[in-house]
Visitor: 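Let me begin by handing over the structure; questions about it come next.
Position 1 is the first residue of the sequence; numbering continues from there. Since the model is a prediction, treat every value here as computed from it, not as a measurement.
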Amino acid sequence: MKQVRIVGAGWAGLAAAVAAVQHGMQVHLYETAHISGGRARKLPQTFAGHPLDNGQHVLIGAYRDTLALMRTVGLEPEALLKRMPLNLQFANGQGLALPDGPAPWNVLAGIARARGWTWHDKTHLLYACWQWQRNGFICPSDWTVTQLCTHSKLSPSVCEQLIEPLCLSALNTSLHEASALVFLRVLHDALLSGPGSADLLIPTCDLGALFPETCLRWLQSQGAHIHLGHRITAEDLIRPEFQPQPRQALVLACTAREAARLTATHHPQWSQQAAALTHTAITTVYLHCTDKAFAGLSQPMVALHSSAQQPAQFVFDRGVLTQQAGLLACVVSASQGERHDIAERVQQQVSQQLGLQDLSVVQTVVEKQATLACLPDLVRPETCIAPHLFACGDYVRGPYPSTLEGAVRSGQQVIAQLRHL
């Protein structure tokens with residue numbers, strides 16, 4: 001029996017562990033923290049008797065591998081995720097909302113009905129979509145999303161109300177820095193990979209209950225050895241049981257920074273490449289609204305007009321989603337600045353744009369290394385570090401940006417490679 005030791009119990013490491021168990025491998029899974037989930041995990045802090053999360057995550061219908069993985073360990077995504085057609089509307093009703101229906105007709109209908117856009121805005125967007133599809137959702141690899149918008153002659157309104165929130169939510173990188181090629185790939189999968197692929201899937205439970213906790217129980221029931229609160233050091237990797245060999249593989253499913261640290265001595269070239277990657281932050285500001293007339297948002301997720309002084313792009317109604325009445329989760333993608341300043345600006349932003357008065361900050365969570373900065377022509381580290389030594393995660397070479405789907409696919413692909421060794 002082949003043995004695999006996996007360092008890191010985030011979504012990539014968990015996906016790798018499940019795939020390894022399914023293919024008859026003996027699994028040892030190590031995690032420094034005392035809980036699993038990595039950068040998509042629950043926090044010790046609670047509100048209204050339910051845990052807060054380290055960030056407000058959203059899946060889409062195109063995340064087929066992630067949804068299939070949840071079902072593998074016995075979960076029912078339909079019971080844990082609120083599905084709704086893609087809706088990027090602001091509180092005043094402006095912006096894009098796709099009706100329920102088959103692609104591409106739902107996209108055409110959504111653009112035609114979009115409020116706040118002129119017919120000039122809409123026709124240029126429709127023509128751009130047609131061009132992107134005709135070109136196979138391919139563009140020059142060195143283009144930024146800003147260059148793509150300029151080339152496609154998209155109006156400022158469409159860029160501000162559609163392209164920018166999509167880019168920030170999918171790539172967590174600003175338009176003038178983000179890779180247009182990766183952005184188009186995400187658009188293709190979301191809009192054209194089957195019915196419901198563009199649907200938003202918003203968790204209705206904490207992130208621990210969404211997948212990691214059940215996954216650990218499933219792995220243990222299948223004979224996997226779970227080691228939480230166990231930090232692997234570079235010294236550990238020279239011990240015989242960690243030495244990669246034909247019947248004994250090692251998978252680093254930790255962050256790029258941690259993987260670089262562990263490989264610095266014996267694999268300096270790979271380590272340097274991983275260490276050189278740039279990451280961007282995501283801040284989630286939890287606000288409690290005690291306005292007497294507040295009965296919840298108009299929908300579970302509402303877009304916000306964002307700027308340097310008003311940095312949040314979306315606000316989520318946790319009262320509707322997770323039974324935490326009055327709690328709003330405000331997301332600041334590609335966030336910059338001090339925690340207190342961000343929270344203060346978001347509080348003022350939500351008060352102004354949603355007309356809410358009695359708002360207090362409950363918790364501000366800053367995930368400094370939230371995602372890989374998805375830049376044009378970015379060279380990402382290879383999955384294979386050395387014979388029988390692999391890395392997986394949303395930062396290694398692959399078609400997807402730093403998303404849960406990217407992490408899950410990476411973990412599964414590593415085990416697929418191991419099977420053929």
Side-chain angles (χ1 to χ4, degrees), residues 1-42 54 65-66 68-75 207-245 247-263 274 383-386 388-396 404-419 421:
M1 177 184 292
K2 182 174 286 188
Q3 184 179 93
V4 58
R5 295 183 185 271
I6 301 170
V7 180
W11 287 56
L14 293 171
V18 170
V21 165
Q22 287 180 308
H23 292 102
M25 301 179 189
Q26 185 183 74
V27 172
H28 286 265
L29 179 63
Y30 300 86
E31 170 56 50
T32 300
H34 291 278
I35 61 173
S36 59
R39 293 191 296 270
R41 66 187 185 278
K42 72 177 184 181
N54 76 315
D65 288 313
T66 301
L69 178 62
M70 293 174 68
R71 294 187 180 95
T72 295
V73 301
L75 292 166
L207 291 177
L210 182 62
F211 172 66
E213 293 170 351
T214 300
C215 184
L216 285 186
R217 290 193 292 269
W218 184 89
L219 287 169
Q220 288 176 319
S221 73
Q222 301 296 312
H225 303 275
I226 310 298
H227 310 272
L228 297 181
H230 190 128
R231 186 170 189 261
I232 299 299
T233 66
E235 290 72 28
D236 287 326
L237 298 190
I238 64 175
R239 289 162 45 192
E241 61 267 32
F242 282 92
Q243 285 294 298
Q245 51 187 281
R247 302 298 299 174
Q248 184 172 285
L250 177 62
V251 176
L252 303 181
C254 41
T255 64
R257 178 181 293 180
E258 185 70 2
R261 182 186 66 81
L262 292 172
T263 56
T383 299
C384 183
I385 303 172
H388 312 289
L389 173 60
F390 294 85
C392 67
D394 57 14
Y395 67 91
V396 300
L404 292 178
E405 180 75 356
V408 167
R409 289 188 183 188
S410 176
Q412 294 173 334
Q413 288 166 3
V414 161
I415 301 304
Q417 292 181 56
L418 281 176
R419 290 177 59 208
L421 294 180

Visitor: Is a donor on one side and an acceptor on the other found under 3.5 Å between the side chain of Glu241 and the backbone of Arg5?
Guide: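 Side chain of Glu241 to backbone of Arg5: no pair is present.
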
Visitor: Please assess His388 against Lys2 for the test side-chain contact (heavy atoms from CB on, under 4.5 Å), listing each intermediate value before the final yes or no.
Guide: CA-CA 11 Å; His388 312 289; Lys2 182 174 286 188; 5.6 Å; no

Visitor: Do the side-chain N and O atoms of Gln245 and Arg247 include a donor-acceptor pair separated by under 3.5 angstrom?
Guide: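 No pair is found: no donor N or O on one side chain lies under 3.5 Å from an acceptor on the other.
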
Visitor: So which atom in Ala40 and which in Leu404 form the shortest heavy-atom distance, rounded to 0.1 Å?
Guide: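 For Ala40 and Leu404, the tightest heavy-atom pair comes out as CB-CD2, 3.8 Å.
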
Visitor: How are the rings of Phe211 and Trp11 set to each other: parallel, tilted or perpendicular (split at 30° and 60°)?
Guide: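 Rings of Phe211 and Trp11: tilted, 30 to 60°.
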
Visitor: What is the minimum heavy-atom distance between Ile415 and Ala16, and which atoms define it?
Guide: CG1-O, 3.3 Å

Visitor: Considering all heavy atoms of both residues, which atom of Ala391 and which atom of Ile385 are nearest to each other, and what is their separation?
Guide: CB-CD1, 3.8 Å

Visitor: Salt bridge (Lys or Arg N to Asp or Glu O under 4.0 Å): which pairs involve residues 211-224, sequence neighbours left out?
Guide: Lys42-Glu213

Visitor: Any side-chain heavy atom of Gln22 within less than 4.5 Å of one from Gln222?
Guide: no

Visitor: Taking it one step at a time, do Gln243 and Ile238 satisfy side-chain contact (heavy atoms from CB on, under 4.5 Å)?
Guide: CA-CA 6 Å; Gln243 285 294 298; Ile238 64 175; 4.3 Å; yes

Visitor: Heavy-atom count around Arg257 CZ within 6.0 Å, excluding the residue itself: above 12?
Guide: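 No - once you tally the heavy atoms of other residues, nucleotides and ligands closer than 6.0 Å, there are 12 at most.
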
Visitor: Can you classify the ring geometry of His28 versus Tyr30 as parallel (below 30°), tilted (30 to 60°) or perpendicular (above 60°)?
Guide: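 Parallel: the ring planes of His28 and Tyr30 meet at under 30°.
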
Visitor: Looking at side-chain heavy atoms only, is the closest gap between Gln413 and Thr383 below 4.5 Å?
Guide: no

Visitor: Is the backbone N or O of Gly38 less than 3.5 Å from a side-chain atom of Arg41, with the two atoms forming a donor-acceptor pair by type?
Guide: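 Side chain of Arg41 to backbone of Gly38: a pair is present.
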
Visitor: Taking the side chain as everything from C-beta on, heavy atoms only, tell me whether Val73 gets closer than 4.5 Å to Leu219.
Guide: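 Contact flag for Val73/Leu219 side chains = no.
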
Visitor: Looking only at heavy atoms, which two atoms of Phe242 and Gln248 are closest? And how far apart?
Guide: N-NE2, 3.8 Å

Visitor: Restricting to non-hydrogen atoms, name the atom on Ala9 and the atom on Ser36 that form the minimum distance, rounded to 0.1 Å.
Guide: O-CB, 3.4 Å

Visitor: Are any of the side-chain heavy atoms of Leu262 and Cys254 separated by less than 4.5 Å?
Guide: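 Of all side-chain heavy-atom pairs linking Cys254 with Leu262, at least one is under 4.5 Å.
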
Visitor: So do Leu216 and Leu14 actually touch side chain to side chain, heavy atoms under 4.5 Å?
Guide: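 Side chain of Leu14 against side chain of Leu216, heavy atoms only: contact under 4.5 Å found.
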
Visitor: Side-chain contact, heavy-atom cut-off 4.5 Å: Leu418 with Met25?
Guide: yes

Visitor: Check whether any side-chain N or O of Glu405 sits under 3.5 Å from a backbone N or O of Thr66 as a donor-acceptor pair, and report yes or no.
Guide: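 Indeed, once roles are kept as given, a pair shorter than 3.5 Å links the two residues.
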
Visitor: State, yes or no, whether a side-chain contact exists between Arg39 and Thr255 at a heavy-atom distance under 4.5 Å.
Guide: yes

Visitor: Does the side chain of Ile35 come within less than 4.5 Å of Pro212's, by heavy atoms?
Guide: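 The answer is no, as the side chains (C-beta and beyond) never meet within the 4.5 Å cut-off.
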
Visitor: Is a side-chain N or O of Ser410 found less than 3.5 angstrom from the main chain of Ala407, in a donor-acceptor match?
Guide: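 Not confirmed, Ser410 side chain does not pair with Ala407 backbone.
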
Visitor: Taking all atoms of both residues into account, what is the closest heavy-atom pair of Trp218 and Thr72, and its distance?
Guide: NE1-O, 3.5 Å

